Chemist: 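Below is one structure. I have some questions about it.
Because the structure is a prediction, the values reported are computed rather than measured. Here is how names work: the chains are called A, B, and so on, in the same order as the sequence lines, proteins then strands, and each is numbered from 1.
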Amino acid sequence: MDSRYDPTNESSIYSLWQKSKIFSPSIPKHPKKTDKPPFSIILPLPNANDPMHMGHAMFVIEDIMVRFHKMLGHPVMWLPGADHAGIETQFVFEKNLAKTGQSRFDFDRNTLYKMIWDFVEENRKLNQFQLKQLGFALDWSRYHYSLEPSIIKQVLSTFKKLHRDGLLYRDDRIVNYCTHCGTAFSDLEIDHQERSDFLYYLDYGPISIATTRPETIFVDVAVAVNPKDKRYKKLVGQTAIIPLTKKQIPIIADDLVEKDFGTGALKITPAHDTTDFEIGQKHKLALKSCIKHTGQMYNTIPEIDGLYPKQARAKTIELLQKAGKLIKTEPLTHTVSVCYRCKNIIEPLPVPQWYVKTTPLAKPVIKSVKANLTHIFPLRFRKVYLDWMENIRDWNISRQNVWGPRLPAWYCLDCNPSIQLNFITKDKKVISDTYTSLKKKFDFNIIKSGLQTLTAPINSTYFIDKPNTCPKCGSKHILQETDTFDTWFLSGQWPLTTLGFNVEDPAKSHPDFNYFYPTSFMDTLWDILFFWVGRMQMFGFYLTGHTPFKTIHLHAKVTDSKGQKMSKSKGNVINPSDVVEKYGADALRFALVYGVAPASDISLSDKKIESMRNFVNKIWNASRFVTIIIDKFIQDNPNLDLFTIDKTNLKPEDKKVLKELDHTINSVTAKIKKYHFGQATEVLYAYFWHYFCDIYIEQTKGRGPEVGGVLLHCLLTSLKLLHPFIPFVTESIYQQLRIKLKLTDDLIASSSWPKTQT
RNA sequence: GAGUCUAUAGCUCAGUUGGCUAGAGCGCUUCGUUGACAUCGAAGAGGUCAGAGGUUCGAGUCCUCUUAGACUCACCA
């Protein structure tokens, strides 16, 4: 053995595990009652386009659980995968595309889809390599990718089932629309930022209003006041006058208006504000937009049309000032919605979208969590989770991007001639108009092959199963919805689709599903608790009646040595692959767990990784010492029995080290079971280094062969206890001992978890 | 606006159901290298456990308030 542990052989250790197939269980044909139940985990699927970051290295917690349960004798299965990550991926792709001076509008959707597909395939393999590099005991025979046809098939079946069950609907309500990304977002995908803006007081004839968005006054449909506001009581029912256009609009009363804000009078612009939209619905006001999906203004006045909101605001204010209608301007700090992806301001726009009714889906989840049939750890997240589930809003599942499966809905253009179409001609011209106007100038096939997007008004008729000809009018001019699924609609079904659940006929589900579902454990960063974990549970109960996992375990984010979030702009990002190359995977793994409290931030630094690497090296050298000693004993005494400890012949220090070992076994086992991994590693670290090495080994120096048994026992037991945390070095040492001493277990990974002697 | 969390050694943090002289890693001081390891060993300095009050035989640990920070949720124009 070298005097240093060399982590560069880690990949050969990994292939030992893979060859042994201990992490790729086959399902017993005739299960016995005495069999231990399977322990299964679905890996939170990394984005296929993304190289790994430290967050992915946190899968180490799942790896610890898998390896621990394997050693306890359970069949274990940890299922890896990759997510196409709709918007995320398209965002990254478009950024690259922009470098070549192109944009998504230069391509029809089929071409664009193929380009993104190729882009993702290049990156997907890198991901798998990195997961292996960190030693994760994944079952690669069960790897899945979210765009596999069999997975998509089940996802579409779920869509159809939701439709059959009346849980699916289209609606025209105000959505969070990012004009930069060109798509709507769900409420969860919105960030809020505090901004310093201005509140403009405008003269609306008999009444004055205050607004932060003067550029939308052109599509105001009313002015609202609070019914309890004495100042304006007389004015309700009269008309206000929009400046610049001089259009007359009614003054109405509604509870939603705050008396104390601004002038107490609110201009109502249902198309561009959620509160206004609500008031508009109540009072049956018209919904007229002045911002296109591209972000440009229209339906205003010639000076403003075509501008973007920011410029439009400045121009409007200028015109208002000239007209003497701007009463005053005061600074205002308020929160605005921004796109979580590109950080541009979200425009609330009325766009037809597809929604899932979530209240009925949330009900069984709430029940299960409250009855503790789904455990949430740490407990404090339980309340947050329940709050969210209990106040859940309907889920907008449609996205206006290309990368992902399209919704399985088909429109007959002849039945719905007001459908808006965007397509690109062969000479690269983008055409945009309703079908009514387009059908006179263009052949249907040209539209179809160059199709970019279609927007179907809310009252359009559609078919959920693809018809060749329209059953109503016989037309062949049928197009599929161009909206794609929210990525989470697919990944929310991940535990079901990957295990082979059959939505249409559950009895025909794959045996994997029957054996491994519900899975045992789900660990993830708390930031996707609602995005992902919540949706998986809703789908799990909806489709199977059971939770997809018995335990939800949440960990925190990895920060730098100063407790700051890692980000590219700060330049404090530590790349897991770099760490592995420099210090070895075990050092990184231990650093991510050692001394970390459940769900508290994990502060990581080179210093910490280095000291963990030193620990790994200490283990290596202690093993080397024991090996040297034992070799010598065997040489002098070929019949030496190293595997039975003669308890009558022990010195006090031998008894002490064995007692401490038992103590460590109990403590580590208990702490892993309670998910206190940080403490488990501290106990191991302290025992192995500061007791076994610093004290006991020193005490044995100079003694004869009788200490061989105790030394070997303590070493082997420690290695086993350490294995779930640092699998490479422990397996590497074990393999050398196995050959030398003819140990019975082929791998430490498949050996039994230590038991106490007393 | 509502809610959650955090405040312990110079730095980053552990400290499960309250119980003996409050711990680790890094950093610092002094000494040490003849069966593994200098990626090492021994000894040591360093904390009014944010502040105030309370419960208790006993509180870093439970309760209340104050201060400072972090985060989540939310339709204030």
Side-chain angles (χ1 to χ4, degrees), chain A residues 1-5 174 187-188 190-192 197 199-200 209-214 216 223-224 256-258 260-269 272-279 332 334-335 337 348 378-385 387-388 391 393 526-527 529-530 556-557 559-565 583 587 590-591 594-629 631-632 670-671 673-676 678-679 681-683 685-686 689-690 693-695 697-698 700-703:
Chain A
M1 280 173 91
D2 275 338
S3 70
R4 285 177 194 189
Y5 170 63
I174 292 274
D187 294 326
L188 288 179
I190 301 308
D191 280 344
H192 300 276
D197 258 313
L199 187 63
Y200 304 95
I209 61 103
T211 181
T212 53
R213 302 209 62 184
T216 63
V223 169
L256 287 174
V257 182
E258 301 257 345
D260 304 327
F261 189 90
T263 65
L266 171 65
K267 78 184 191 70
I268 302 299
T269 322
H272 300 300
D273 184 279
T274 41
T275 308
D276 294 11
F277 182 78
E278 236 177 88
I279 294 175
L332 175 77
H334 65 157
T335 45
S337 304
L379 212 54
R380 67 184 149 96
F381 287 101
R382 208 180 97 120
K383 191 176 151 54
V384 189
Y385 191 61
D387 276 355
W388 186 75
N391 299 305
R393 304 227 218 135
W526 44 254
D527 69 345
L529 183 62
F530 307 136
K557 66 173 188 289
T559 65
D560 71 4
S561 61
K562 286 171 189 154
Q564 295 205 320
K565 194 178 175 179
Y583 299 102
F590 217 70
Y594 182 83
V596 171
S600 66
D601 285 354
I602 298 153
S603 116
L604 195 64
S605 61
D606 274 339
K607 287 273 186 218
K608 184 169 184 189
I609 299 165
E610 210 176 295
S611 64
M612 296 304 136
R613 187 269 322 266
N614 294 354
F615 178 57
V616 169
N617 193 57
K618 186 74 183 180
I619 297 167
W620 178 262
N621 271 296
S623 307
R624 187 158 80 106
F625 173 76
V626 173
T627 312
I628 293 167
I629 289 291
D631 274 351
K632 193 160 163 273
K671 286 178 192 307
K673 283 187 175 167
K674 284 183 183 172
Y675 313 124
H676 291 182
Q679 290 180 49
T681 48
E682 285 189 59
V683 169
Y685 185 101
W689 197 327
H690 299 307
C693 293
D694 290 352
I695 297 173
I697 285 185
E698 293 306 318
T700 65
K701 288 182 180 175
R703 288 178 61 187

Chemist: Return the minimal non-hydrogen interatomic distance between A/Ser600 and A/Ala556, and the atom names on each side.
Modeler: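 Scanning both residues, the minimum pair turns out to be O-CB, 3.0 Å.
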Chemist: Distance between the C1' atoms of B/C62 and B/U55, in whole angstroms?
Modeler: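 The answer is 8 Å between these two C1' atoms.
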Chemist: Which is true for A/Thr700 with a 4.0 Å heavy-atom rule: it touches a base, it touches only sugar-phosphate, or it touches nothing?
Modeler: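 Base contact.
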Chemist: Kindly say whether A/Ser3 contributes a backbone atom to a donor-acceptor pair with the side chain of A/Asn621 at under 3.5 angstrom?
Modeler: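 Yes; judged by distance alone, with no hydrogens or angles, the pair exists.
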Chemist: Take A/Trp526 and A/Thr559, find for each the nucleotide of RNA chain B with the closest heavy atom, and name the residue whose nucleotide sits nearer the 5' end.
Modeler: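 Residue closer to the 5' terminus by nearest nucleotide: A/Thr559.
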Chemist: Could you measure the distance from the OH atom of A/Tyr385 to the CG atom of A/Leu529? Nearest 0.5 Å is fine.
Modeler: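 Those atoms lie 6.0 Å apart.
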Chemist: Provide the distance between the two P atoms, one in B/G19 and one in B/G53, to the nearest whole Å.
Modeler: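 To the nearest whole Å, 23 Å.
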Chemist: With sugar-phosphate meaning primed atoms plus P, OP1 and OP2, does A/Ile268 contact a base, only sugar-phosphate, or nothing at under 4.0 Å between heavy atoms?
Modeler: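 It contacts nothing in the nucleic acid.
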Chemist: A/Lys673 has an atom NZ; how far is it from atom C1' of B/U17, in whole Å?
Modeler: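 Going from NZ in A/Lys673 over to C1' in B/U17 covers 19 Å.
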Chemist: Using atom P in both nucleotides, what's the gap between B/G15 and B/C76 to the nearest angstrom?
Modeler: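 Per the computed distance, 37 Å lies between those P atoms.
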Chemist: For A/Gly262 versus A/Ala210, what's the shortest heavy-atom pair and its separation?
Modeler: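 Looking at all heavy atoms of both residues, the closest pair is CA-CB, 3.8 Å.
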Chemist: How far, in whole Å, is B/A14 from B/U8 if one measures between their C1' atoms?
Modeler: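 It works out to 10 Å between them.
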Chemist: If you look at every strand shown and take non-hydrogen atoms under 4.0 Å, does A/Thr275 touch a base, only sugar-phosphate, or nothing?
Modeler: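 Base, at least one base atom sits under 4.0 Å.
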Chemist: Check the pair A/Thr216 / A/Lys267 against side-chain hydrogen bond (donor to acceptor under 3.5 Å, both in side chains), numbers first and verdict last.
Modeler: CA-CA 10 Å; A/Thr216 63; A/Lys267 78 184 191 70; 2.7 Å; yes
Chemist: Taking the side chain as C-beta and beyond, is there a heavy-atom pair between A/Phe261 and A/Leu332 under 4.5 Å?
Modeler: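 The answer is yes, as the side chains (C-beta and beyond) meet within the 4.5 Å cut-off.
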Chemist: Whole angstrom is fine here: how far is it from CD in A/Glu610 over to C1' in B/G25?
Modeler: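 Between C1' of B/G25 and CD of A/Glu610: 12 Å.
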Chemist: Measuring only between side-chain heavy atoms, which start at C-beta, is A/Trp388 closer than 4.5 Å to A/Leu188?
Modeler: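 Sidechains of A/Leu188 and A/Trp388: in contact.
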Chemist: Does A/Gly262 reach a base, just sugar-phosphate, or nothing at all? Heavy atoms under 4.0 Å.
Modeler: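 Answer is nothing: A/Gly262 stays at 4.0 Å or more from every strand.
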Chemist: For A/Leu266 and A/Asp276: C-alpha separation, side-chain torsions, deciding distance, then whether side-chain contact (heavy atoms from CB on, under 4.5 Å) applies.
Modeler: CA-CA 9 Å; A/Leu266 171 65; A/Asp276 294 11; 3.9 Å; yes
Chemist: Both conditions, 6.0 Å and 45 degrees, for the charged tip of A/Lys701 above the ring of A/Phe625: are they met here?
Modeler: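 Positive - A/Lys701 is close enough to the ring of A/Phe625 and near enough to its axis.
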Chemist: A/Gln679 side chain N/O closer than 4.0 Å to the phosphate oxygens (OP1, OP2) of B/U16?
Modeler: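 So the side chain of A/Gln679 is outside the cut-off, no N or O lying under 4.0 Å from OP1 or OP2 of B/U16.
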Chemist: Provide, to the nearest angstrom, the distance between the CD1 atom belonging to A/Ile190 and the C1' atom belonging to B/C73.
Modeler: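 After rounding, the reported distance stands at 14 Å.
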Chemist: Report the distance from atom NZ of A/Lys383 to atom C1' of B/G3, rounded to the nearest whole Å.
Modeler: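 From A/Lys383 NZ to B/G3 C1': 7 Å.
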Chemist: Hey, does A/Arg703 reach any base, or is it just sugar-phosphate, or nothing, if we go heavy atoms under 4.0 Å?
Modeler: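 Counting heavy atoms under 4.0 Å across all strands, the contact made by A/Arg703 includes a base.
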Chemist: What is the distance, rounded to the nearest whole Å, between atom CZ of A/Phe530 and atom P of B/A74?
Modeler: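 Spelled out: CZ on A/Phe530 to P on B/A74 is 9 Å.
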Chemist: Using atom P of each nucleotide, how far apart are B/A70 and B/C13 to the nearest Å?
Modeler: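 It works out to 14 Å between them.
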Chemist: Base, sugar-phosphate alone, or nothing: which one does A/Lys632 contact when heavy atoms must sit under 4.0 Å apart?
Modeler: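 Result for A/Lys632 = base.
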Chemist: Give A/Phe381 one of three labels, base, sugar-phosphate or nothing, depending on what nucleic acid heavy atoms sit under 4.0 Å from its own.
Modeler: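 A/Phe381: no heavy atom of the nucleic acid under 4.0 Å.
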Chemist: Just need the stems in RNA chain B: three or more back-to-back Watson-Crick or G-U pairs, each with both distances under 3.5 angstrom, sorted by first number.
Modeler: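 The stems that RNA chain B takes part in, listed by first number, are B:1-7 with B:67-73, B:10-13 with B:23-26, B:28-32 with B:40-44, B:50-54 with B:62-66.
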Chemist: Determine, step by step, whether A/Leu256 and A/Glu278 satisfy the side-chain contact (heavy atoms from CB on, under 4.5 Å) criterion, reporting the C-alpha distance in whole Å, the side-chain angles of both residues, the deciding distance to 0.1 Å, and the verdict.
Modeler: CA-CA 9 Å; A/Leu256 287 174; A/Glu278 236 177 88; 3.6 Å; yes
Chemist: Please verify the inter-ring angle class for A/Trp620 with A/Tyr5; under 30° counts as parallel, over 60° as perpendicular, anything in between as tilted.
Modeler: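 If you compare the ring of A/Trp620 with that of A/Tyr5, the planes turn out tilted.
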Chemist: Answer with base, sugar-phosphate or nothing: what part of the nucleic acid does A/Ile209 contact at a heavy-atom distance below 4.0 Å?
Modeler: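 No contact at all - A/Ile209 keeps every heavy atom at 4.0 Å or more from the nucleic acid.
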Chemist: Remember a base hit wins even if backbone is also touched, and classify A/Glu682 as base, sugar-phosphate or nothing at under 4.0 Å, heavy atoms.
Modeler: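 Sugar-phosphate contact only.
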Chemist: If we take the P atom in both B/U21 and B/C5, what is their distance in whole Å?
Modeler: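 Approximately 30 Å lies between the P atom of B/U21 and that of B/C5.
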Chemist: With C1' as the reference atom in both, quote the distance from B/G60 to B/U16 in angstrom, rounded to an integer.
Modeler: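 The same atom, C1', in both gives a distance of 14 Å.
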Chemist: Whole angstroms only, please: what is the CG-P distance between A/Asp191 and B/U72?
Modeler: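 Between P of B/U72 and CG of A/Asp191: 8 Å.
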Chemist: Answer yes or no: is there a side-chain heavy-atom contact under 4.5 Å between A/Ile609 and A/Leu604?
Modeler: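 Yes. Closest side-chain heavy atoms under 4.5 Å.
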Chemist: So which nucleotide from B/A77, B/G25, B/A36 ends up closest to the side chain of A/Leu266?
Modeler: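 Out of B/A77, B/G25, B/A36, the nucleotide with an atom closest to A/Leu266's side chain is B/A77.
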Chemist: Distance check needed: B/G25 P versus A/Ile609 CD1, whole Å only.
Modeler: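 A/Ile609 atom CD1 is separated from B/G25 atom P by 17 Å.
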Chemist: Send over the distance from A/Asp197 CG to B/C76 C1', rounded to a whole Å.
Modeler: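 It is 14 Å, rounded to the nearest whole Å.
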Chemist: With a 4.0 Å cut-off on heavy atoms, is A/Ala210 in touch with a base, just the backbone sugar-phosphate, or nothing at all?
Modeler: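 Base contact - A/Ala210 has a heavy atom under 4.0 Å of at least one base atom.
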Chemist: Any side-chain to backbone donor/acceptor pair from A/Asn391 onto A/Asp387? Under 3.5 Å, distance only.
Modeler: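 Between the backbone of A/Asp387 and the side chain of A/Asn391 there is a qualifying donor-acceptor contact (under 3.5 Å).
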Chemist: Do any side-chain nitrogens or oxygens of A/His192 fall under 4.0 Å of OP1 or OP2 in B/C73?
Modeler: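 Checking A/His192 against B/C73: no side-chain N or O falls below 4.0 Å of OP1 or OP2.
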Chemist: Which listed nucleotide (B/C5, B/A77, B/A24) is nearest to the side chain of A/Arg380?
Modeler: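 It is B/C5.
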Chemist: Once the angle between the rings of A/Tyr594 and A/Tyr685 is folded into 0 to 90°, is it parallel (under 30°), tilted (30 to 60°) or perpendicular (over 60°)?
Modeler: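 Aromatic pair A/Tyr594/A/Tyr685 classed tilted.
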Chemist: Could you list the protein-to-nucleotides 37-44 of chain B atom pairs, N/O on both sides, closer than 3.5 Å?
Modeler:
{"unit_1": "B/C37", "atom_1": "OP1", "unit_2": "A/Arg624", "atom_2": "NH2", "d": "3.4"}
{"unit_1": "B/C37", "atom_1": "O4'", "unit_2": "A/Asn621", "atom_2": "OD1", "d": "3.0"}
{"unit_1": "B/C37", "atom_1": "O4'", "unit_2": "A/Asn621", "atom_2": "ND2", "d": "3.3"}
{"unit_1": "B/C37", "atom_1": "O2", "unit_2": "A/Lys618", "atom_2": "NZ", "d": "2.6"}
{"unit_1": "B/C37", "atom_1": "N3", "unit_2": "A/Lys618", "atom_2": "NZ", "d": "3.1"}
{"unit_1": "B/U39", "atom_1": "O4'", "unit_2": "A/Asn614", "atom_2": "OD1", "d": "3.2"}
{"unit_1": "B/U39", "atom_1": "O2", "unit_2": "A/Asn617", "atom_2": "ND2", "d": "3.2"}
{"unit_1": "B/U39", "atom_1": "O4", "unit_2": "A/Arg4", "atom_2": "NE", "d": "3.0"}
{"unit_1": "B/U39", "atom_1": "O4", "unit_2": "A/Arg4", "atom_2": "NH1", "d": "2.9"}
{"unit_1": "B/C40", "atom_1": "OP1", "unit_2": "A/Asn614", "atom_2": "ND2", "d": "3.3"}
{"unit_1": "B/C40", "atom_1": "O3'", "unit_2": "A/Lys618", "atom_2": "NZ", "d": "3.4"}
{"unit_1": "B/G41", "atom_1": "OP1", "unit_2": "A/Trp689", "atom_2": "NE1", "d": "2.2"}
{"unit_1": "B/G41", "atom_1": "OP1", "unit_2": "A/Asp694", "atom_2": "OD1", "d": "3.4"}

Chemist: Given the C1' atoms of B/G47 and B/A42, what is the spacing between them in whole Å?
Modeler: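 It works out to 24 Å between them.
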Chemist: Which ones in residues 598-607 of chain A lie close to RNA chain B, meaning a heavy atom under 4.0 Å from one of its atoms?
Modeler: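 Those residues whose heavy atoms fall under 4.0 Å from RNA chain B, taken from residues 598-607 of chain A in numerical order, are A/Ser600, A/Ser603, A/Lys607.
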